[in-house]
Amino acid sequence: MDLTIIWAFIIAFAVFAYVVMDGFDLGIGILFPFFKVGDERDQAMNSIAPVWDGNETWLVLGGGGLFAAFPLAYAIIMPATYPLIIVMLLGLVFRGVAFEFRWRDPEHRKLWDFAFTSGSLAAAFAQGMILGAILQGVEVVDRSYDGSWFAWFTPYTLLTGIGTVAGYALLGATWLIWKTEGGGQDAAYRLAKPAAWATLFLMAAVSLYTPFLDAQYYQRWFTMPNIFFASQVPLLVIILSYFLFRGLYKKHEVSPFLLTLGLFVLGMAGLGISMFPFIVPDQITIWDAAVPESSQIFMLVGVAITLPLILIYTGWAYWVFRGKVGSEGYH
């Protein structure tokens with residue numbers, strides 16, 4: 001049993017759980033200006049009120065797990081993306097403060113709504129650019145980051161940033177289709193379609209751009225026999241996209257959200273095809289960056305206790321608030 005691969009899977013799972021769970025409430029913040037003031041906005045906020053802060057548990061697990069299990073990768077990736085991480089954290093802070101004060105300070109609700117939207121947009125865009133910065137490559141010399149402060153700023157990272165914003169907007173719209181009713185649901189249906197087209201277009205653009213960033217990416221996608229396995233990812237994206245639009249046009253409530261989750265799963269699979277076994281592409285493998293086996297075993301005991309507890313209380317929270325939401329809350 002390779003403990004390093006197990007830890008890589010744990011970190012990947014935590015990152016994916018964060019992207020999905022915090023993605024839809026960031027998406028709601030991105031779409032917030034397109035909802036009417038009053039009932040529609042109140043419905044959108046109430047739909048995530050019981051779960052939004054718990055969703056960020058996965059960000060802590062992913063970041064903390066990376067630091068604990070792969071400290072070399074953490075020490076390289078963090079300096080390479082410091083400005084983006086600062087923007088992301090400030091965006092999450094603004095969003096969280098706006099979420100709380102929107103209800104407690106109605107006289108300045110416009111200000112808090114703006115903070116909620118801008119914080120969500122900044123956090124989503126920064127997360128996408130962080131992904132792009134890692135994929136395009138990080139300059140490493142003597143096992144340390146050796147690039148400039150703004151090496152992450154390229155056309156590719158802008159593309160991944162915009163793509164993440166579009167994907168989160170689609171997640172948020174399909175979540176609201178599922179959880180709201182009346183005018184709020186109608187607005188979510190209206191917004192989901194352009195968000196879906198934007199997501200798929202940008203997903204295709206990033207997928208076509210990525211193999212040409214590095215010769216090894218190209219080999220993993222377009223050489224024999226890899227192409228037979230890798231080609232299943234875009235094929236499944238096309239199939240899920242068809243059913244997604246079919247669900248939106250037929251006014252299905254649950255399937256659009258689940259199909260959108262499927263698109264994110266396939267995006268994660270594509271990321272794995274491009275990067276594995278590197279954690280810093282073409283520089284540091286997961287085995288190079290991992291702590292000693294004894295440390296991995298020690299930490300794995302803790303994760304074996306805490307991870308099921310996180311899954312249980314997260315599942316329980318979503319089960320308790322499984323119904324529809326109105327302007328006054330769940331019912």
Side-chain angles (χ1 to χ4, degrees), residues 8 11-12 14-15 18-19 22-23 26 29-30 56 58-98 114-115 117-168 202 205-207 209-217 267 271 274-286 288-291:
I11 302 302
V15 170
Y18 171 76
V19 166
D22 210 35
L26 286 172
I30 293 166
E56 294 179 3
W58 299 103
L59 179 63
V60 177
L61 179 61
L66 181 67
F67 173 76
F70 303 102
L72 177 59
Y74 183 91
I76 293 171
I77 292 172
M78 286 292 289
T81 57
Y82 267 143
L84 295 172
I85 291 172
I86 292 169
V87 170
M88 179 189 74
L89 294 177
L90 288 176
L92 293 175
V93 168
F94 271 93
R95 184 191 64 148
V97 171
F114 173 77
T117 297
S118 58
S120 300
L121 184 61
F125 190 65
Q127 288 173 18
M129 293 192 77
I130 290 170
L131 173 62
I134 295 171
L135 277 171
Q136 75 180 6
V138 175
E139 188 173 347
V140 178
V141 175
D142 294 330
R143 295 163 65 89
S144 299
Y145 175 64
D146 195 47
S148 67
W149 184 253
F150 291 104
W152 48 267
F153 189 79
T154 65
Y156 180 74
T157 60
L158 290 172
L159 187 63
T160 56
I162 297 170
T164 301
V165 170
Y168 283 179
L202 291 163
V206 171
S207 299
Y209 198 147
T210 302
F212 296 97
L213 289 173
D214 189 279
Q216 291 198 31
Y217 290 164
L271 180 62
S274 297
M275 288 185 61
F276 188 82
F278 291 92
I279 194 167
V280 179
D282 294 342
Q283 298 282 344
I284 306 293
T285 68
I286 57 174
D288 295 331
V291 294

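None of these values were measured; they are calculated from a predicted model.
The ring pair (Phe, Tyr, Trp, His ring centres under 6.0 Å) contacts involving residues 126-155 comprise F150-W152, where partners must be two or more places apart or lie in separate chains.
Taken from OG1 in T285 to CG in L72, the straight-line distance is 9.5 Å, to the nearest 0.5 Å. Within the model, atoms OH of Y217 and OH of Y209 stand 12.5 Å from one another, a figure rounded to the nearest 0.5 Å. For the atom pair CG (D22) and CZ (R95), the distance works out to 4.5 Å, reported to the nearest 0.5 Å. To the nearest 0.5 angstrom, D288 atom CG is 8.0 Å from F278 atom CZ. Within the model, atoms OG1 of T164 and CD of Q127 stand 7.5 Å from one another, a figure rounded to the nearest 0.5 Å. Distance check, rounded to the nearest 0.5 Å: OG of S207 to CG of L202 gives 10.5 Å.
The minimum heavy-atom distance between F125 and I162, with the atom names listed, is CE1-N, 3.6 Å. Between Q136 and L213 the shortest heavy-atom distance is CA-CD1, 3.9 Å. Here the closest heavy-atom approach between residue Y168 and residue A124 is recorded as CD1-CB, 3.4 Å. Of all heavy-atom pairs between P71 and A289, the closest is CD-O, 3.5 Å. Nearest heavy-atom pair, G91 versus A122, reported as atom, atom and distance to 0.1 Å: CA-CB, 4.5 Å.
More than 12 heavy-atom neighbours from other residues, nucleotides or ligands sit within 6.0 angstrom of CZ on F276. Other residues, nucleotides and ligands contribute more than 12 heavy atoms inside 6.0 Å of the OH atom of Y18.
Looking at T160, its side chain does come within 3.5 Å of a backbone N or O of G128 through a donor-acceptor pair. With T157 contributing its side chain and T154 its backbone, the two residues share a donor-acceptor pair below 3.5 Å. A donor-acceptor pair under 3.5 Å links the side-chain atoms of T117 to the main chain of G29, judged by distance alone.
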Check against side chain to side chain contact (heavy atoms under 4.5 Å, CB included), V206 and L135: CA-CA 11 Å; V206 171; L135 277 171; 5.6 Å; no

Step-by-step side chain to side chain contact (heavy atoms under 4.5 Å, CB included) determination, I77 to V138: CA-CA 8 Å; I77 292 172; V138 175; 5.6 Å; no

Residue pair I11, I279: steps toward the side chain to side chain contact (heavy atoms under 4.5 Å, CB included) verdict: CA-CA 11 Å; I11 302 302; I279 194 167; over 6 Å; no

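Considering only heavy atoms from C-beta on, I76 stays 4.5 Å or farther from Q283 through its side chain. Looking at heavy atoms from C-beta onward, T210 lies out of side-chain contact with L271 at the 4.5 angstrom threshold.
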